[in-house]
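The structure presented is a predicted model; accordingly, all values stated were derived computationally and were not measured. Values below: every heavy atom of this structure, side chains too, minus hydrogens, waters and symmetry copies.
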Amino acid sequence: SIVFLSISYIIVATVLSRTAAFVVAILNLVIVASIAVFNPSWQSWDMIFTELIFLLLSTIVVYAMMIVQGYYIDQNEANAHKLRESNKLLEEQLSVLETVQVAQNESLKNFAKIFHSNPDPIVINRMKDGRFIDYNSSFLTTMGYTSSDLRNLVGADMFADAETAKRYYDILRADHRMYSVEMDFKTKSGEIRSALVSAEVIEWNGEQCVVVSARDITLRKVAEERELAIQKERQRAEILQKFITDASHDFRTPLATITTSVYILQNSEKMERQSYHLTKIDKQVERIGKLVDGLMLMSLLDSNQAEMHL
């Protein structure tokens, strides 16, 4: 019975708590005391001493087990705390990832809107072979192609000539970008159009691609050429006006000299004076001839420029 009571004490202390073990120990003492009172054969101090020894040993065993149990409980609590902290950190990271994913999706939507609504032609080509990955409607309208046409074409086919295409790819391979470089393109109908090209090499779905935008300046160049022609025509008119003014003055001088000399010849009978004024008239006539030659040359140059302009 003593052994049974001690074992029960250990089990209760292990399974329940120290308070429960203490209660069981008091019950053990009460039971032993009861047996000693009501059963004279148990009134031996040896039995009571033996019971106390068993209780002491049981208490030592119980506290040793509690120390070990407490260590493992502390470890479990520490591990549980670490697990909770890890779960919390993981939840925070998942929240951040979700926020980043939402932001990326929103960014892609905004990029798609900008890409397809931009009035300038924009395309994305694969760098290694020039195949078209994506393009906006402005590109199709400007170049005159359809989506089915572009399946059999590459980026180099859009340039006006092979030299322009080579210059384009040389710049991209060297600098990986370009900004507002003037280049000529050929539409589906064969029309040559000029554009300011900006491009940059990017990573797109794991492949090296190039995003290209072009600002059509064909009409602007035509307007600039017309303005330049007008300026040249204005300068030519100013030069011609100045020449006519100078020529008129130069004509008046020899004509006045000739008129004066003729008058003197008509009213002079001296041969020396007549000879002098005849020589003077001859020089002035020669001068007028040179002026006429200059007018003819000016007229010829003006005629050639008009033909070149046409």
Side-chain angles (χ1 to χ4, degrees), residues 97-234 309-310:
L97 288 176
E98 289 177 357
T99 303
V100 171
Q101 185 66 38
V102 170
Q104 287 180 343
N105 292 337
E106 190 67 23
S107 177
L108 287 175
K109 289 180 181 179
N110 292 334
F111 173 79
K113 290 179 181 178
I114 296 172
F115 184 88
H116 290 287
S117 63
N118 199 303
D120 291 333
I122 304 178
V123 297
I124 299 176
N125 297 102
R126 200 159 51 198
M127 189 67 178
K128 65 180 180 181
D129 55 11
R131 291 292 179 184
F132 288 91
I133 303 298
D134 201 359
Y135 39 82
N136 63 357
S137 57
S138 297
F139 175 76
L140 298 177
T141 302
T142 302
M143 300 301 292
Y145 290 103
T146 63
S147 297
S148 58
D149 293 332
L150 297 180
R151 295 192 187 100
N152 302 317
L153 298 173
V154 296
D157 296 328
M158 302 295 106
F159 293 98
D161 50 57
E163 183 180 351
T164 304
K166 182 179 182 302
R167 182 164 65 95
Y168 167 80
Y169 283 106
D170 287 344
I171 295 174
L172 284 182
R173 292 189 185 98
D175 302 330
H176 298 282
R177 62 174 57 88
M178 67 175 64
Y179 180 74
S180 295
V181 179
E182 183 175 339
M183 293 184 174
D184 291 335
F185 295 88
K186 183 168 61 177
T187 65
K188 184 178 180 180
S189 62
E191 179 187 3
I192 303 299
R193 304 188 69 87
S194 299
L196 294 178
V197 180
S198 297
E200 185 164 352
V201 178
I202 61 171
E203 287 293 326
W204 187 270
N205 294 331
E207 291 185 309
Q208 195 176 45
C209 299
V210 54
V211 56
V212 188
S213 65
R215 177 66 57 85
D216 193 341
I217 60 171
T218 305
L219 296 179
R220 191 180 81 182
K221 286 191 68 176
V222 171
E224 289 175 351
E225 290 175 356
R226 288 179 178 175
E227 181 64 24
L228 182 61
I230 292 173
Q231 290 179 359
K232 289 182 178 179
E233 184 66 22
R234 188 180 295 114
H309 183 70
L310 293 174

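- At least one side-chain heavy atom of F139 sits under 4.5 Å from a side-chain heavy atom of M158.
- Side chain of S194 to main chain of T218: no donor-acceptor pair is present (N/O by atom type, distance under 3.5 Å, no hydrogens or angles).
- Taking both residues in full, the closest heavy atoms of L153 and F132 are given as O-CD1, 3.6 Å, listed atom of the first, atom of the second, then distance.
- The side-chain heavy atoms of N125 and V154, taken from C-beta on, include no pair separated by under 4.5 Å.
- With sequence neighbours left out, E163 forms a side chain to side chain contact (heavy atoms under 4.5 Å, CB included) with D161.
- Panel note: side chain N118, backbone F115; no donor-acceptor pair is recorded below 3.5 Å.
- No donor-acceptor pair under 3.5 Å is formed between the side chain of R131 and the backbone N or O of G155.
- Although no hydrogens or angles enter the test, the distance criterion places no donor-acceptor pair under 3.5 Å between the side chain of D120 and the main chain of R215.
- Closest of all the heavy-atom pairs between P119 and S138 is O-OG, 3.2 Å.
- One finds the CZ atom of R234 at 7.0 Å from the CD1 atom of I230 (value rounded to the nearest 0.5 Å).
- Going from atom CG of L172 over to atom CD of Q208 covers 9.5 Å, rounded to the nearest 0.5 Å.
- How far OG of S137 is from CD1 of I122: 10.0 Å, rounded to the nearest 0.5 Å.
- Separation of atoms CG (L196) and CD1 (I217) is listed at 4.0 Å; rounding is to 0.5 Å.
- Proximity of F159 to R167: side-chain heavy atoms (C-beta onward) are nowhere separated by under 4.5 Å.
- The shortest heavy-atom contact between W204 and C209 is CB-SG, 3.7 Å.
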Original post:
What do the steps show when you test M143 against V123 for side chain to side chain contact (heavy atoms under 4.5 Å, CB included), and what is the final call?
Top reply: CA-CA 12 Å; M143 300 301 292; V123 297; over 6 Å; no
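- K188 NZ: more than 12 foreign heavy atoms inside a 6.0 Å radius.
- For the pair E225 and K221, the salt-bridge criterion is not met [side-chain N within less than 4.0 Å of a carboxylate O].
- Contact of the D149 side chain with the L140 side chain is not registered, since no non-hydrogen atoms from C-beta on lie closer than 4.5 Å.
- Of the possible donor and acceptor atoms, one in the side chain of S198 sits under 3.5 Å from a partner among the backbone N and O of S180.
- Residues M183 and M178 are in side-chain contact: their nearest non-hydrogen atoms beyond the backbone lie under 4.5 Å apart.
- One distance of note links CE of M127 with CD1 of I202; it measures 11.5 Å at 0.5 Å rounding.
- By the 4.5 Å heavy-atom criterion applied to side chains, D170 and R173 are counted as neighbours.
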